[in-house]
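Remember, it's a predicted structure, so these values are computed and weren't measured experimentally. Just so we're on the same page: letters track the sequence lines, and every chain starts at 1.
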There are 2 protein chains.
Amino acid sequence: MVKPRRTKPAQASLAANTDPRTGLPAIPAVGEAKRGTDGYMTYLLRQASSAVRLALDRALAAEGMTYPQSSALTMIRAYDAISAADLARLTMLTPQTINVIVKALEARGAIVKHPDPVHGRILRLVITEEGRALQKRCRARTAPIESNLRARMSKTFEPALRRWLVDIAMDYAN
Amino acid sequence: MVKPRRTKPAQASLAANTDPRTGLPAIPAVGEAKRGTDGYMTYLLRQASSAVRLALDRALAAEGMTYPQSSALTMIRAYDAISAADLARLTMLTPQTINVIVKALEARGAIVKHPDPVHGRILRLVITEEGRALQKRCRARTAPIESNLRARMSKTFEPALRRWLVDIAMDYAN
DNA sequence: GATAACTTATTCGAGCCCTGATAATATGGT
DNA sequence: ACCATATTATCAGGGCTCGAATAAGTTATC
């Protein structure tokens, strides 16, 4: 059972503190030095987020889905008949980006576009039965990751952590 | 002084709780409902991270830089003569991704590639004087965002938050 | 020394995500 | 009714990021 041989993004080859050949500072592992608890918050945030994003994408690859697609599908299910423009606002993505994702979901039959009965321009996004089943499968695959994120924080800190994430999202929402 | 008219990713048009026309659930603003403190952690993390990433990219656009480029440049400065492979491990990005970023930095003269004196394959990345000046300017532009991230959390909470970000990065580093 | 296994750098293809721009439709003020 | 403004959808272009694959050099093993 060898792990799939793919190009890995991280992996910390744990060099010593200085390179014996060059004497230059060696590379710290994740969690050490600037990569640890005294680094830039922007850096720690990106590092954590992209690690999770990658884990989600890999979990969803088995369904031929990506995290953005899965996330959008979940929202279309929750806010049925939403327009792409509203979906963009909801996800804090641009309409152009949503357009790409929606096209992918439409192409695989997870959603359909219905012209609005009264508004001549809006296309309403509606999840299909196939889309519902797919969404359920995606959720099952991502649930362990969501659980782990929760398990990693103490119950006492969870509200503050959520508050912080929401606060900074609101600060830069625009 | 009208704000530059660009396509905005978010902006919460604050619809009522249900759409009067369709009766369907309306779109919550950032910080409300699923988008608030009771949503998925994966979602909150992405929302916060991408908002910050966007703010950083916009701050750096004035220098013709992106956050990944600025971040890579900072690391090349800190770990001078690092190889692209090590830089990939350090940033938890793939060598392919680093290759793109390094090429951009090289093209604008912020860094140069030097073949390793003993190893026939490694290309060592060295920051130029121009690169140092650029890095300093980038840091000045991103500093306010970093400050704000820190200001948004209480001192008692900060260690736990950093710990959490590092922990989940380590969980999925691979 | 020969061979296998690993490492480094790099190309290609694809998806995400932005900025910029445009056409079509709605809306609001006069 | 008219016109300016806003909204919706969408195209084009470019940067980031991955997975897959390859060539070239290094290291380990026999």
Side-chain angles (χ1 to χ4, degrees), chain A residues 2 4-11 13 15 21 46 49-51 53-58 60-61 64-72 82-89 91-108 113 115-116 118-125, chain B residues 2 4-11 13 15 46 49-51 53-58 60-61 64-72 82-89 91-108 113 115-116 118-125 174:
Chain A
V2 180
R5 188 80 50 80
R6 62 157 86 83
T7 311
K8 286 186 281 183
Q11 183 223 124
S13 72
R21 193 151 56 214
R46 184 206 72 83
S49 176
S50 71
R53 161 67 186 271
L54 186 51
L56 289 166
D57 275 341
R58 286 179 178 169
L60 291 167
M65 291 281 282
T66 66
Y67 176 59
Q69 288 170 17
S70 166
S71 187
I82 194 175
S83 69
D86 276 344
L87 185 55
R89 280 187 278 270
T91 55
M92 294 212 282
L93 297 173
T94 58
Q96 298 93 318
T97 298
I98 286 297
N99 195 24
V100 172
I101 296 168
V102 159
K103 250 193 271 189
L105 290 176
E106 191 187 15
R108 69 139 64 201
K113 290 180 179 176
D116 187 281
V118 310
H119 192 294
R121 192 105 178 97
I122 294 176
L123 295 177
R124 302 210 164 267
L125 309 178
Chain B
V2 181
R5 188 80 49 78
R6 63 155 85 83
T7 312
K8 285 186 282 182
Q11 185 223 126
S13 71
R46 184 206 71 85
S49 177
S50 72
R53 161 67 187 271
L54 186 52
L56 289 166
D57 276 341
R58 285 179 178 169
L60 291 167
M65 291 280 281
T66 66
Y67 176 59
Q69 288 170 19
S70 167
S71 186
I82 194 175
S83 69
D86 276 344
L87 185 55
R89 280 187 278 270
T91 55
M92 294 212 282
L93 297 174
T94 58
Q96 299 94 313
T97 300
I98 286 297
N99 194 24
V100 173
I101 296 167
V102 159
K103 251 194 268 188
L105 290 176
E106 190 186 17
R108 69 138 64 199
K113 290 180 179 175
D116 187 283
V118 311
H119 192 291
R121 193 104 178 97
I122 294 176
L123 295 177
R124 303 212 163 266
L125 309 177
N174 246 39

Which whole-number value in Å describes the distance from A:Arg53 CZ to D:dC16 P?
-> 15 Å

Atom-pair distance (CD1 on A:Ile98; P on C:dT19), nearest Å | 14 Å

Between P of D:dT8 and CG of A:Leu87, the distance in whole Å = 12 Å

Proximal nucleotide (of D:dT10, D:dT17, D:dC16) relative to the B:Thr66 side chain | D:dC16

What heavy-atom pair brings B:Ser70 and B:Leu60 nearest, and what distance separates the two atoms?
-> CB-CD1, 3.6 Å

Non-hydrogen side-chain atoms of B:Asn99 and B:Gln96 separated by less than 4.5 Å | no

Indicate yes or no: at least one non-hydrogen side-chain atom of A:Leu93 is less than 4.5 angstrom from one of A:Ile101.
-> yes

Smallest heavy-atom separation, A:Asp57 atom then A:Pro68 atom, equals OD1-CD, 4.0 Å

Can you name the salt bridge (Lys or Arg N to Asp or Glu O under 4.0 Å) partners of A:Lys113, sequence neighbours left out?
-> A:Glu106

B:Lys113 or A:Tyr67, whichever maps to the more 5' nucleotide of DNA chain C | B:Lys113

A:Arg89 side-chain N/O to D:dT8 phosphate OP1/OP2 under 4.0 Å | yes

In whole angstrom, what separates B:Arg124's CZ from C:dA9's C1'?
-> 14 Å

In whole angstrom, what separates A:Gln69's CD from C:dC17's C1'?
-> 13 Å

Flag the pair B:Ser83 / B:Leu123 as yes when at least one side-chain heavy-atom distance between them is below 4.5 Å, and no otherwise.
-> no

To the side chain of A:Leu93, which of D:dA9, C:dC18, C:dT11 is closest?
-> C:dC18

For C:dT19, does either OP1 or OP2 sit under 4.0 Å from a side-chain N or O belonging to B:Arg58?
-> yes

Does B:Gln96 have a side-chain nitrogen or oxygen under 4.0 Å from the phosphate oxygens OP1 or OP2 of D:dC16?
-> no

Drop me the distance from B:Leu125's CG to B:Asp86's CG, to the nearest 0.5 angstrom.
-> 9.5 Å

For B:Arg46, which contact category applies under a 4.0 Å heavy-atom criterion: base, sugar-phosphate, or nothing?
-> nothing

Taking N or O atoms only and anything under 3.5 Å, show me the protein contacts with nucleotides 23-25 of chain D, one pair per line.
residue: D:dA23; atom: N3; partner: B:Arg121; partner atom: NH2; Å: 3.1
residue: D:dA24; atom: N3; partner: B:Arg121; partner atom: NE; Å: 2.9

Mind calculating the distance between CE (B:Met92) and P (D:dC18) to the nearest angstrom?
-> 10 Å

Round to a whole Å and report the spacing from CD1 of A:Ile122 to C1' of C:dA24.
-> 13 Å

Indicate yes or no: at least one non-hydrogen side-chain atom of B:Met65 is less than 4.5 angstrom from one of B:Leu105.
-> yes

Quick one: is A:Lys103 getting a side-chain N or O under 4.0 Å of the D:dC11 phosphate, OP1 or OP2?
-> yes

Return the nearest nucleotide to the side chain of A:Leu54; candidates are D:dC18, C:dC17, D:dT8.
-> D:dC18

Of A:Leu123 and B:Thr97, the one whose closest nucleotide on DNA chain D sits nearer the 5' end is A:Leu123

Return no unless some side-chain N or O of A:Asn99 is found under 4.0 Å from OP1 or OP2 of D:dT10.
-> yes

Can you tell me how far C1' of D:dG19 sits from CG of A:Asp57, to the nearest Å?
-> 11 Å

